[in-house]
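All remarks here apply to the structure that follows.
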Amino acid sequence: MPKAELVYRPAKQSEKAEAGDYAHLCQRWEGLTVGTAKVWAAEMREHPDFRQYIENPTHRIVFINYEGFRLFIKWKSRNRYRPKKETLAEMLKNIEIEKRFSA
């Protein structure tokens, strides 16, 4: 069985990463602590709409999709005081409707 080819990319390459670990997540979201990132990542793993944005190739390595994390924070903020939480699809649809009415 042929082994998968690994591609080396230098760290200073202009290509933007789509996912990262807790430390890189905290660099992108200034003010976010590693502890809070871990708690929110655990919440994302448990939520059916957001578990697709977390990858755990091993028990120690985690990759969190930055766009998925941004959507999770938006969802968490919008549903903070709601007794019936909206789904990710409902949230995206509602945001689109809100944009149309506010413009």
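The aromatic rings of Trp40 and Phe69 lie tilted to each other, with the angle between the two planes from 30° to 60°.
Atom OG1 of Thr36 sits about 13.0 Å away from atom CH2 of Trp29, to the nearest 0.5 Å. Distance check, rounded to the nearest 0.5 Å: NZ of Lys38 to CG of Leu25 gives 12.0 Å. Taken from CE in Met44 to CZ in Arg51, the straight-line distance is 11.5 Å, to the nearest 0.5 Å. A distance of 7.5 Å separates CG in Leu71 from CD1 in Ile95, rounded to the nearest 0.5 Å.
Closest approach of Asn79 and Lys84 over heavy atoms only: OD1-O, 4.5 Å. Considering all non-hydrogen atoms of both residues, Phe50 and Gly68 come closest at CD2-O, 4.1 Å. Of all heavy-atom pairs between Leu32 and Cys26, the closest is O-SG, 3.2 Å. Minimum interatomic distance between Ile64 and Ala41 (heavy atoms only, all atoms of both residues): CD1-CB, 4.0 Å.
With a 6.0 Å radius and a threshold of 12 heavy atoms from other residues, nucleotides or ligands, His47 has its NE2 atom above the threshold. In the displayed structure, Glu90 atom CD is contacted under 6.0 Å by more than 12 heavy atoms of other residues, nucleotides or ligands. By the neighbour-count criterion of 12 heavy atoms within 6.0 Å, atom CZ of Arg82 is densely surrounded, having more than that number from other residues, nucleotides or ligands.
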Using distance only, find each side-chain donor-acceptor pair of residues 56-63 under 3.5 Å and give its atom names and separation, not counting sequence neighbours.
residue : atom : partner : partner atom : Å
Asn56   : OD1  : Arg45   : NE           : 3.0
Asn56   : OD1  : Arg45   : NH2          : 3.3
Asn56   : ND2  : Ile61   : O            : 3.1
Thr58   : OG1  : Arg60   : N            : 3.3
Thr58   : OG1  : Ile61   : N            : 3.1

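Of the possible polar contacts, one joining the Ser102 side chain to the Glu98 backbone as a donor-acceptor pair under 3.5 Å is found.
Pairs passing the side chain to side chain donor-acceptor pair (under 3.5 Å) check and including a residue from residues 67-77, sequence neighbours excluded, read Glu43-Lys76, Glu67-Arg70.
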